[in-house]
Amino acid sequence: MQTAISDASSNSPQYTVIGVLGKPGSGKSTQCELLAKTFKLAHISVGDALREEMKREDSPYEASIKQNICAGTISPEESTIPILNAHIQAAMGDGIDLFVLDGFPRTQKQAEYFTNINIPIKFVIKLECPDDIVATRLSQRMRPDDNPEDIDKRLCTFHKTTSLVIDWLSSQKEMVKTLDAEGSIEAINKRFVEAIVTKERDFPGTELVKRPTETIDVPDNGQRHD
């Protein structure tokens, strides 16, 4: 099968954005991290970026982020987009032109707001996994918001809000590729890379450029799906 993966000596000047969505615990961060270790791209976790900003001294967004994290709700685009842009600009300074946004966009307003001040998201990979499986995965992590009550809140937010933006994006010229997120991390990673390669045929310019010396380091027990 011909793929869109090329040698590291070939550099694309295009600035490309791919969104990755899925329920909490569907494996978004794990798969994006593995992708970034193998290919020349920037993985930006919106959740991690918000938590990092919340801890930053004198951040104007601290209270808003904390309130939304405690409630299991989505931070508004007025705070999310500037924080996201700061991370994108920093990565661009390192010569990166392909960005994988982990957990974005989570609302239609975020998608439209981002498009108005950046370039459009080229396509979105959706990781599909049943509620009971993601709840089990989350209960095995050590984050403070991975308790049963907060897990239920976050899943409720996904079904009420994020699922709507996925439906909206699905109506926009086949922008969404749904991916089975059950099974081993290695198997999901293979499907994840193949999904991006497949979408590249529909949206040329999304070229995966291999890093010359990196290899995929799968978590020790093969079962961590962050």
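For reference, positions follow the sequence shown, starting with 1.
- Checking each of D180, T178, L21 against E128 for a side chain to side chain contact (heavy atoms under 4.5 Å, CB included) leaves exactly one that passes, namely T178.
- With sequence neighbours excluded, the residues that form a side chain to side chain contact (heavy atoms under 4.5 Å, CB included) with K177 are I125, A195, K199.
- Through direct or indirect side-chain contacts shorter than 4.5 Å among Ile, Leu, Val, Met, Phe, Trp and Tyr, L138 is connected to V134, I151, L155.
- At a threshold of 4.5 Å between non-hydrogen side-chain atoms, the residues K126 and L169 do not count as touching.
- For F114, the ring-ring contact (aromatic ring centres under 6.0 Å, His included) partners at least two apart in sequence or on another chain are F104.
- In this view, Q31 and N189 satisfy the side-chain hydrogen bond (donor to acceptor under 3.5 Å, both in side chains) rule, not counting sequence neighbours.
- By the side chain to side chain contact (heavy atoms under 4.5 Å, CB included) test, Q67 is found to be paired with no residue, residues two or more places apart in sequence or in another chain being considered.
- With R106 as the fixed residue, the side chain to side chain contact (heavy atoms under 4.5 Å, CB included) test singles out one of I166, T157, V46: T157.
- The hydrophobic side chain of L164 is isolated, with no ILVMFWY side chain under 4.5 Å apart from it.
- Looking at residues two or more places apart in sequence or on another chain, you find a salt bridge (Lys or Arg N to Asp or Glu O under 4.0 Å) between R154 and D145, D146.
- For residues 74-95, every residue pair satisfying the side chain to side chain donor-acceptor pair (under 3.5 Å) rule, not counting sequence neighbours, is listed here: N85-N118.
- Membership of an apolar cluster is not assigned to I133, as no side-chain contact below 4.5 Å to another ILVMFWY residue is traced.
- Among pairs with a residue in residues 62-74, those fulfilling salt bridge (Lys or Arg N to Asp or Glu O under 4.0 Å) read E62-K66, at least two apart in sequence or across chains.
- For E149, the salt bridge (Lys or Arg N to Asp or Glu O under 4.0 Å) partners are K153, not counting sequence neighbours.
- Applying the side-chain hydrogen bond (donor to acceptor under 3.5 Å, both in side chains) criterion to R56, with sequence neighbours excluded, gives E53.
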